[in-house]
2 protein chains.
Amino acid sequence: MTIQSRMQAKNASPRILGAARAIAHREGAGKITIDAVAREADLSKGGVLYNFPTKRALLAGLLDEMLAEHRERLASVPEDRRSRTLRGHLEAIVQARAVDDDLSMAILAAAASDPRLLDPLRAELTGDLERILSDTQDTSGAMVVVLAIQGLRFQKLLGLPDGGAGLRGRVIEQLRAMINELE
Amino acid sequence: MTIQSRMQAKNASPRILGAARAIAHREGAGKITIDAVAREADLSKGGVLYNFPTKRALLAGLLDEMLAEHRERLASVPEDRRSRTLRGHLEAIVQARAVDDDLSMAILAAAASDPRLLDPLRAELTGDLERILSDTQDTSGAMVVVLAIQGLRFQKLLGLPDGGAGLRGRVIEQLRAMINELE
DNA sequence: CATTATTCACCGTCCATTCGGCAATTTTAT
DNA sequence: ATAAAATTGCCGAATGGACGGTGAATAATG
């Protein structure tokens, strides 16, 4: 560990972001501190601050990473399907593992420390929403699905009751059906 | 629990909680600090800590207040209607004004500082969900509505795009219709 | 050698919490 | 009924720790 960890990696940023995610997942979004992240990433505090000159930048980096993964998930939906963006949003949360939870914690951390950090997320979602709504005539029907997906996100994030895995599966199935019925 | 048992002549607790809400609303959940709350409530720091011996207790107090208002809103739905709890949840968010927003910020503050603070909220929602699901055969249909309502909450809280007031109104109308169609 | 990545030692600030005291109020004793 | 004692509600200064950030020195890379 000492030898490898002392070797300079090309870029410690991913390790740092991973460490931040791990802390957020384990101890809560509020525990993301530069010292803690440095410890977790096996790096000095200066090392962290070299890659992310401020804590704000670190949080912004977390969100950026999240948005990148989000875009990737959306892109994985076949081009030709109707309601492509909406499907992407749903499948993104279906496939979400622990990693995704951590990144949602980043939203909380960002929102708590500085609501403006969420601006890129807002911009992204605004674009998504436009695409989703222009994909169908039944805008309110589509919006209900969007909202339910967001509800799933935060339910998981905050550990709110979900009625059990079975129900969850049926809900997702139903949301898929609702998307199919959009015109 | 030292929630409301202090009803002696002078009691600064409500003023303190109000101050905390005001700060959360104005500057974000992360800015809730004992000093700031004391200043806002026109009280000394010691005064705040006399009423809420720790910051954790203060946040717990915020959540407790929120749950009380939540219960009140639920109780305002006529006894005889079907899907009473579910309707209550929906109407609660329809009627929500600024006050409610502030209290949602309290959720963020609590989640960020210590996820366990959300335990009472989880318990309350678990009970609500049980009632909601036992009110109907179409559990996944009901759950979709629950999730959409939660989505509305966080959308508002985080300032995420909502497609405009018109769409929002139609969505709420549609959710009402979905509730009516539950069996 | 030049650039990049990282360490190390600090600094100043903020912040939760503690503590001793104080005025007003309430309780107890006389 | 009244003096004494205890309690309540709060103040304000002090403490100590955590946290974000800086800058000079050092190691690694190419």
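Numbers restart at 1 for each chain; the letters A, B, ... are given by sequence-line order, proteins then strands. Every value quoted in this text rests on a predicted model; they were computed, and no experiment measured them.
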Could you tell me whether the side chain of Ser44(B) and the main chain of Gly47(B) form a donor-acceptor pair under 3.5 Å?
yes
Comparing Ala36(A) with Gly47(B), nearest DNA chain D nucleotide closer to 5' gives the residue Gly47(B)
What is the bend of the helix from dC1(C)-dG30(D) to dT30(C)-dA1(D) when you compare the axis at one end with the axis at the other, using five pairs each and rounding to 10°?
30°
Using whole Å, what does the distance between atom P of nucleotide dA24(C) and atom CG of Asn11(B) come to?
19 Å
Asp35(A) side chain: which of dG21(D), dC10(D), dC19(D) is closest?
dC19(D)
What closest approach, in Å, do Lys55(A) and Ile32(A) show between heavy atoms, and which atom pair accounts for it?
NZ-O, 2.9 Å
Counting heavy atoms from C-beta on, name the nucleotide in dT6(C), dC10(D), dT17(C) closest to the side chain of Ser44(A).
dT6(C)
Hey, can you pull the donor-acceptor pairs under 3.5 Å for the side chains in residues 106-117 of chain A, sequence neighbours left out?
from: Asp114(A); atom 1: OD1; to: Arg116(A); atom 2: N; distance (Å): 3.0
from: Asp114(A); atom 1: OD2; to: Arg56(A); atom 2: NE; distance (Å): 3.0
from: Asp114(A); atom 1: OD2; to: Arg56(A); atom 2: NH2; distance (Å): 2.8

Going by number, which of residues 50-59 of chain A have a non-hydrogen atom under 4.0 Å from DNA chain D?
Thr54(A), Lys55(A)
Strictly below 4.0 Å, N to O, side chains only: are Lys31(A) and Glu40(A) in salt-bridge contact?
no
What is the distance, rounded to the nearest whole Å, between atom CD1 of Ile23(A) and atom C1' of dC19(D)?
13 Å
Do you reckon Met178(B) sits in the same ILVMFWY cluster as Ile132(B), going by side-chain contacts under 4.5 Å, direct or chained?
yes
With Ser140(B), the side-chain hydrogen bond (donor to acceptor under 3.5 Å, both in side chains) member among Gln174(A), Arg168(A), Arg170(A), Glu173(A):
Gln174(A)
Strictly by modelled atom types, are Thr136(A) and Asp138(A) linked by a side-chain donor-acceptor pair under 3.5 Å?
no
Give a yes/no on whether any side-chain N or O of Thr33(A) is located under 4.0 angstrom from OP1 or OP2 of dA18(D).
no
Distance-minimising heavy-atom pair for Asn180(B) and Arg82(B):
O-NH2, 3.4 Å
Please identify each residue that fulfils ring-ring contact (aromatic ring centres under 6.0 Å, His included) with Phe154(B), with sequence neighbours left out.
Phe154(A)
Please report the distance, rounded to the nearest Å, between CZ in Arg15(B) and C1' in dC10(D).
11 Å
Between dG12(D) (P) and Leu43(B) (CG): distance, integer Å:
10 Å
Separation of dG16(D) C1' from Ile34(B) CD1 (nearest whole Å)
16 Å
Nearest whole angstrom, please: distance from the P of dG20(D) to the CD1 of Ile32(A).
10 Å
By the 4.0 Å heavy-atom rule, please label Leu49(B) as base, sugar-phosphate, or nothing.
base
Among all residues two or more places apart in sequence or in another chain, which pass the salt bridge (Lys or Arg N to Asp or Glu O under 4.0 Å) test with Arg71(A)?
Glu124(A)
Could you list all N or O pairs between the protein and nucleotides 9-13 of chain C that sit under 3.5 Å apart?
none

Any heavy-atom pair between the side chains of Asp135(A) and Leu86(A) that's under 4.5 Å?
no
